[in-house]
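I have placed the structure first, in the form of structure tokens, so that the comments after it can refer back to it.
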Amino acid sequence: MSHVELGELITFAMAKKIHLISDEIFFGTVFENPSFISIIEAVISRKLEKIDIWSRVHIVYSLSKDFGIPGFRVGMIYSNNERVVATAT
């Protein structure tokens, strides 16, 4: 997605006060322009680190797709929300 599209998602999530979960499982396999832009990059570029949306943006990722390891079930959650991290660990 482009910065503009990600910005629209962020604006929508802020307006509705909802969490935004970005599945970035294939981020390492994007070969076209524009290159991959993480949702967290879009949040930072808008300087929203001090706004409540910062704790409502979450990223999920897995090693198996980008590293070609089918069946290797290792996943990660990145979040600035301590409650989400505590629940997942």
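For the numbers below, each heavy atom of this structure counts, side chains included, while hydrogens, waters and symmetry mates do not.
A heavy-atom distance below 4.5 Å is found between the side chains of Ser45 and His3. For the pair Ser22/Val57, no side-chain contact is recorded, criterion being any heavy-atom separation below 4.5 Å from C-beta on. Between Trp54 and Leu48 the shortest side-chain heavy-atom distance does not fall below 4.5 Å. With a 4.5 Å cut-off on side-chain heavy atoms, Met1 and Phe36 do not count as touching. In this structure, Tyr78 and Val85 have side chains that are not in contact, with every pair of non-hydrogen atoms separated by 4.5 Å or more.
Residues Val74 and Tyr61 share a hydrophobic cluster, clusters being chains of Ile/Leu/Val/Met/Phe/Trp/Tyr side chains in contact below 4.5 Å. Residues Leu20 and Phe12 do not share a hydrophobic cluster, defined by chaining ILVMFWY side chains whose heavy atoms lie under 4.5 Å apart.
Of all heavy-atom pairs spanning Glu24 and Ile39, the tightest one is OE2-N, 3.1 Å. Nearest heavy-atom pair, Ala42 versus Leu6, reported as atom, atom and distance to 0.1 Å: CB-CB, 3.8 Å.
Interatomic distance, Leu9 CG to Glu5 CD, rounded to the nearest 0.5 Å: 8.0 Å. To the nearest 0.5 Å, atoms CD1 (Ile53) and CZ (Arg46) are separated by 9.0 Å. Here the CZ atom belonging to Arg56 is positioned 8.0 Å from the CD1 atom belonging to Ile18, to the nearest 0.5 angstrom. Ser79 contributes atom OG, which lies 8.5 Å from atom CD1 of Ile40 (distance to the nearest 0.5 angstrom). Taking CG of Asn80 as the start and NE2 of His58 as the end, the distance is 9.0 Å to the nearest 0.5 Å. Here the straight-line distance linking atom CZ of Arg83 with atom OG of Ser55 works out to 11.5 Å at 0.5 Å rounding.
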For this session: Output, in order, the C-alpha distance, side-chain angles, deciding distance and verdict of side chain to side chain contact (heavy atoms under 4.5 Å, CB included) for Ile77 and Ile59.
Result: CA-CA 6 Å; Ile77 298 173; Ile59 297 170; over 6 Å; no
Exercise. Checking side chain to side chain contact (heavy atoms under 4.5 Å, CB included) for the pair Val60/Met76: CA distance, chi angles, key distance, verdict?
Worked result: CA-CA 6 Å; Val60 294; Met76 286 137 291; over 6 Å; no
